[in-house]
Amino acid sequence: MVTLKLAESNTFPATDNLFQTAFWGKIKTASGQRAMFFWAEWKETETSAAKTFPLMALLRKAEDFGTYAYVPRMQTDFIAEGLHGI
């Protein structure tokens, strides 16, 4: 289960993944997308230990579709492969 808490871009931590940084969010915002920043908490089960990590999602308008969100290159090594995409 994933829980998200809204974060501010100016307090979003630097990571070794360029595509999950406030800097990348600024670049994408300049190109017409909207960057949203979160603290995400992942728990595989109710009794498992939580893993907290920064998460940036981008909102993009599609001409015939409306608006959709995507997460560029999120770290997933701690999530079992069968649970990706939930």
Side-chain angles (χ1 to χ4, degrees):
M1 175 178 205
V2 177
T3 305
L4 299 176
K5 293 181 183 175
L6 198 56
E8 297 293 328
S9 63
N10 61 342
T11 62
F12 201 68
T15 68
D16 60 352
N17 179 354
L18 170 67
F19 302 105
Q20 281 294 312
T21 61
F23 173 74
W24 190 251
K26 287 179 185 176
I27 289 173
K28 296 310 252 180
T29 297
S31 70
Q33 297 180 41
R34 180 176 173 210
M36 296 192 69
F37 301 91
F38 302 93
W39 281 105
E41 183 180 88
W42 164 259
K43 288 181 78 170
E44 191 165 341
T45 66
E46 287 293 322
T47 58
S48 62
K51 166 81 173 168
T52 302
F53 55 95
L55 177 84
M56 181 190 64
L58 296 169
L59 295 159
R60 179 187 286 176
K61 291 183 181 179
E63 190 173 312
D64 296 330
F65 182 72
T67 301
Y68 66 94
Y70 71 99
V71 176
R73 302 207 185 183
M74 184 189 96
Q75 175 189 356
T76 58
D77 59 338
F78 57 89
I79 299 174
E81 190 172 327
L83 298 174
H84 287 196
I86 328 185

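The figures that follow rest on heavy atoms only: side chains count, while hydrogens, waters and symmetry mates do not. This one's a predicted model, so the numbers in the text were calculated from it and none came from an experiment.
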**Asked** Taking the side chain as C-beta and beyond, is there a heavy-atom pair between P13 and W39 under 4.5 Å?
**Response** yes
**Item:** Audit row: Y70, R60, side chain to side chain contact (heavy atoms under 4.5 Å, CB included) steps and yes/no
**Value:** CA-CA 8 Å; Y70 71 99; R60 179 187 286 176; 3.0 Å; yes
**Asked** Do you know the tightest heavy-atom contact between L4 and A40?
**Response** CD2-CB, 3.6 Å
**Nearest-0.5 Å distance that lies between atom CZ in F37 and atom OG1 in T21** = 8.0 Å
**Item:** Minimal non-hydrogen separation, A57 against V71, with atom names
**Value:** CB-CG2, 4.1 Å
**Item:** K43 NZ: over 12 foreign heavy atoms closer than 6.0 Å
**Value:** yes
**Fill in**
So CD1 of I27 and CG of L18: to nearest 0.5 Å the spacing works out to 6.5 Å
**Message:** Hydrophobic clusters here meaning ILVMFWY residues chained together by side-chain heavy-atom distances under 4.5 Å, can you tell me if F19 and M56 are in one?
**Reply:** yes
**Request:** Treat each ILVMFWY residue as a node, draw an edge where side-chain heavy atoms are under 4.5 Å apart, and state whether F12 and M36 are in one component.
**Result:** no
**Message:** Taking P72's backbone N and O only, do any of them form a donor-acceptor pair with Q20's side chain (distance below 3.5 Å, no angle check)?
**Reply:** yes
**Message:** Assess the residue pair V2 and E41 against the criterion (side chain to side chain contact (heavy atoms under 4.5 Å, CB included)); give the C-alpha distance rounded to whole Å, side-chain angles, the decisive distance to 0.1 Å, and a yes or no.
**Reply:** CA-CA 6 Å; V2 177; E41 183 180 88; over 6 Å; no
**Request:** Check whether more than 12 heavy atoms from other residues, nucleotides or ligands sit under 6.0 Å from atom CG of D16, and answer yes or no.
**Result:** no
**Prompt:** Out of curiosity, does Y68 fall in the hydrophobic cluster containing F38 (side-chain heavy atoms, cut-off under 4.5 Å, transitive links)?
**Reply:** no
**Message:** Test of understanding: clusters of I, L, V, M, F, W, Y form through side-chain heavy atoms closer than 4.5 Å, transitively. Do W24 and L59 belong to the same one?
**Reply:** no
